[in-house]
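What you see below is based on every heavy atom in this structure, not just the backbone, and it leaves out hydrogens, waters and symmetry mates. Please read these numbers as outputs of a predicted model, since none were measured by experiment.
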Amino acid sequence: MLRNMSSSLAFSFFFFFLLSLSSSSEAAGSVGINYGRIANDLPTPSKVVELLKTQGINRVKLYDTEATVLTALKNSGIKVIVAMPNELLSAAAADQSYTDTWIQNNIISYYPSTQIEAIAVGNEVFVDPNNTTNYLVPAMKNVHASLVKNNLDKTIKISSPIALSALQSSYPTSSGSFKTELIEPVIKPMLKFLQQTESYLMVNAYPFFAYAANSDTISLDYALFKQNPGVVDSGNGLKYDNLFDAQVDAVNAAMSALQYNDIKISVSETGWPSLGDSNEIGASEDNAASYNGNLVKRVLSGNGTPLKPKDPLNVFLFALFNENQKTGPTSERNYGLFFPNEKKVYDISLTVSEVNTSSSAVAPVAAGTGRSQVPVSGGDVSSAGNSGKTWCVANGGYSEEKLQHALDYACGEGGADCSPIQPGATCYNPNTLEAHASYAFNSYYQKMSRGTGTCDFGGAAYVVTQPPSYGKCDFPTGY
């Protein structure tokens, strides 16, 4: 049954959207940052901590357990993920007394004043040229056993970041699978360990790499969380409106294929370079600002991925600083949000409060979790909308509460003609929230001359090029 849709609504849709962003951390995801130090011009750790606090960043991920950094983080209120570097895995796997000592020196010496929340055992071990893969799970188990001895296993989690190169298949997303040669030796034992310890899988996901290598087939807007037609997964019918979600769900699908559906993912690295070599397509300051800025809004909106819509996303941006001593292409030295002098490379919102007050907060890109109608078949959505042959429909996988708020706005302050979806009217049946919302959203969209951004509703709607089919109801194409 539709709720009261009179224009006397006390609050607008804009308020409801801001409220959704301001909800508890349990409902929304979190944004942290990777603090790498492969550079000779970085500020001191104490200055870095002040920078993090000034920017409202309360989670940081390190690549080691350097004493000056962990000391600087004491009593800062910043949660910390530390790392056991790959070169220590052999010793950690061979002897638990080694991990006992390592935990004493690198964790207990700082905890709890330094709020260590997790230990990353190794980093992208499967592509380590030193062949440390076989040491990974034994090392993880020994580190965990050492935490148990000190009654820290419930408060400090163990995981290990994997690269997407661990996947044999990632497209379509539903076909996600791990490389065959990794499954029995290391993937299954690692996932079983994560399940038993109630931990999560760390994943390093970089849409930039996929776009740079396939710019002829992957839309830049799709990679940057901008308005785009989206991609419908041919295997499960789910619609993806950004490449990041598709990459994360490819890993979810790979775990599901091995019957590990209950393990959550934390994106331990993701980012976009502000500068690159001539062959690094898409590396630019504007694109980096778009990717990271839109990702923050996406994460803080509280929406999960299409495959796991109820699991908030937790991500760590890469990286805090441009690091001038990193090897490889130019992009490797230009992932930072800040220059070493602490000036911003580009300006983006990093916290809920900043997102709330930004001019673009009313129209974030959200996860397209519903089963799709036929999307716009390429090109710019707004220009396609001006042709007069597009409609606006509800994102059926969006949370019912947010969908209802958007519906109330459209029928109230939005001025949509919602009389056909009242009880007994021509479009009341099917009597579902998605069908009613679709009619209301389309009414508003057509009333607004199908203008850019008028079929969004905070991610609750998207444009299609075929007439929506809900019972015998006809959806208008113009006013």
(request) Using the side chain to side chain contact (heavy atoms under 4.5 Å, CB included) rule, take Asp64 and Arg37 through it: C-alpha gap first, then chi angles, then the decisive distance, then the call. (result) CA-CA 10 Å; Asp64 53 22; Arg37 304 189 319 282; 2.8 Å; yes
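- Asp221 and Gln227 form no side-chain donor-acceptor contact under 3.5 Å, judged by distance and modelled atom types alone.
- Under the side chain to side chain donor-acceptor pair (under 3.5 Å) test applied with Asn86, the options Thr132, Asn123, Asn130, Asp128 reduce to a single match, Asp128.
- One N or O on the side chain of Glu66 and one on the backbone of Thr68 form a donor-acceptor pair closer than 3.5 Å.
- Geometric assessment of Lys344 against the ring of Tyr346 yields a negative cation-pi assignment under the 6.0 Å and 45° thresholds.
- Distance OH/Tyr200 to CG/Asn314: 8.0 Å, rounded to 0.5 Å.
- When all heavy atoms of Lys188 and Glu184 are compared, the pair lying nearest together is NZ-OE2, 3.0 Å.
- The side-chain contact (heavy atoms from CB on, under 4.5 Å) with Ile119 is formed by just one residue from the set Leu152, Thr65, Val143; it is Val143.
- Summarising the geometry, atom OG1 belonging to Thr133 is positioned 11.5 Å from atom CD belonging to Glu124; distances are rounded to the nearest 0.5 Å.
- At least one donor-acceptor pair under 3.5 Å links the side chain of Asn324 to the backbone N or O of Asn40.
- At distances below 3.5 Å, not a single donor-acceptor pair connects side-chain atoms of Ser169 with backbone N or O atoms of Ser177.
- Put simply, OG on Ser160 and CG on Leu194 are 9.0 Å apart, with the number rounded to the nearest 0.5 Å.
- Within a 6.0 Å radius of OH in Tyr171, other residues, nucleotides and ligands contribute 12 heavy atoms or fewer.
- Looking at Lys157, its side chain does come within 3.5 Å of a backbone N or O of Thr197 through a donor-acceptor pair.
- A salt bridge (Lys or Arg N to Asp or Glu O under 4.0 Å) check over residues 113-122, counting only residues at least two apart or in different chains, returns the pairs Arg59-Glu117.
- Across Ser165 and Val127, no two heavy atoms sit closer than the pair OG-CG1, 3.4 Å.
- The backbone N or O of Leu224 lies less than 3.5 Å from a partner atom in the side chain of Asn294, making a donor-acceptor pair.
- The shortest side-chain heavy-atom distance between Val203 and Val248 does not fall under the 4.5 Å cut-off.
- A salt bridge links Asp100 with Lys149: the closest approach of a Lys/Arg side-chain nitrogen to an acidic carboxylate oxygen falls below 4.0 angstrom.
- The line from CG of Asn242 to OG of Ser219 is 11.0 Å long, rounded to the nearest 0.5 Å.
- Using a 4.5 Å heavy-atom threshold, the side chains of Ile162 and Phe178 count as touching.
- The closest donor-acceptor contact from the side chain of Lys308 to the backbone of Asn261 lies under 3.5 Å.
- Across all their heavy atoms, Pro138 and Ala93 have their closest contact at CB-CB, 3.7 Å.
- Looking at Leu238 and Val232, their side chains never come closer than 4.5 Å, going by heavy atoms from C-beta outward.
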(request) Assess whether side chain to side chain contact (heavy atoms under 4.5 Å, CB included) is satisfied between Gln195 and Leu191, documenting all intermediate values. (result) CA-CA 6 Å; Gln195 187 181 64; Leu191 294 179; over 6 Å; no
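- One finds the CG atom of Leu320 at 12.5 Å from the NZ atom of Lys61 (value rounded to the nearest 0.5 Å).
- With rounding to the nearest 0.5 Å, the separation of CG in Leu243 from OG in Ser170 is 9.0 Å.
- With Phe193 as the aromatic partner, Lys141 does not meet the cation-pi criteria of under 6.0 angstrom to the ring centre and within 45 degrees of the ring axis.
- Looking at every heavy atom in both residues, Asn252 comes nearest to Ile263 through OD1-O, 4.5 Å.
- Atom NZ of Lys79 is surrounded by 12 or fewer heavy atoms from other residues, nucleotides or ligands within 6.0 Å.
- Other residues, nucleotides and ligands contribute at most 12 non-hydrogen atoms within 6.0 Å of the NZ atom of Lys192.
- Shown here for Val49 and Leu73, the closest heavy-atom pair between the two residues is CG2-CD2, 3.7 Å.
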(message) side chain to side chain contact (heavy atoms under 4.5 Å, CB included) for Tyr63 and Asn34? Distances and angles first, verdict last.
(response) CA-CA 8 Å; Tyr63 291 90; Asn34 283 274; 3.0 Å; yes
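- At a threshold of 4.5 Å between non-hydrogen side-chain atoms, the residues Phe126 and Val186 count as touching.
- In this structure, the side chains of Thr330 and Asn334 come closer than 4.5 Å at one or more pairs of heavy atoms.
- Within 6.0 Å of atom CD in Glu198, 12 or fewer heavy atoms from other residues, nucleotides or ligands are found, so the atom counts as exposed in its surroundings.
- Looking at heavy atoms from C-beta onward, Tyr110 lies in side-chain contact with Lys74 at the 4.5 angstrom threshold.
- A distance-only check finds no donor-acceptor pair linking the side chain of Ser284 to the backbone of Leu275 [under 3.5 Å].
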(request) Mind running side chain to side chain contact (heavy atoms under 4.5 Å, CB included) on Ile108 and Ile103 for me, showing each step along the way? (result) CA-CA 6 Å; Ile108 296 174; Ile103 289 293; 4.0 Å; yes
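- The aromatic rings of Phe244 and Tyr291 sit perpendicular, their planes meeting at an angle over 60°, well past the 30° parallel limit.
- Of all heavy-atom pairs spanning Phe457 and Ala406, the tightest one is CB-CB, 4.1 Å.
- Without hydrogens or angle criteria, Arg298 side chain to Asn303 main chain gives a donor-acceptor distance under 3.5 Å.
- At a threshold of 4.5 Å between non-hydrogen side-chain atoms, the residues Ser290 and Phe225 do not count as touching.
- In terms of the side chain to side chain contact (heavy atoms under 4.5 Å, CB included) criterion, residue partners of Ser174 (sequence neighbours excluded) are, by chain and number, Pro172, Asp233, Asn236.
- A donor atom on one side chain and an acceptor atom on the other are not found under 3.5 Å apart for Ser266 and Ser268.
- Formation of a donor-acceptor pair under 3.5 Å by the Thr270 side chain with backbone atoms of Leu317 is not found in this model.
- For the residue pair Ser331 and Glu280, a side-chain donor N or O sits within less than 3.5 Å of a side-chain acceptor on the partner.
- Screening residues 297-344 for ring-ring contact (aromatic ring centres under 6.0 Å, His included), with sequence neighbours left out, gives Tyr206-Tyr335, Phe318-Tyr335.
- Here the side chain of Asn228 pairs a donor or acceptor atom with the backbone of Asp241 at under 3.5 angstrom.
- No side-chain heavy atom of Thr173 sits less than 4.5 Å from a side-chain heavy atom of Val231.
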(request) Determine, step by step, whether Tyr98 and Asn142 satisfy the side chain to side chain donor-acceptor pair (under 3.5 Å) criterion, reporting the C-alpha distance in whole Å, the side-chain angles of both residues, the deciding distance to 0.1 Å, and the verdict. (result) CA-CA 9 Å; Tyr98 178 89; Asn142 279 347; over 6 Å; no
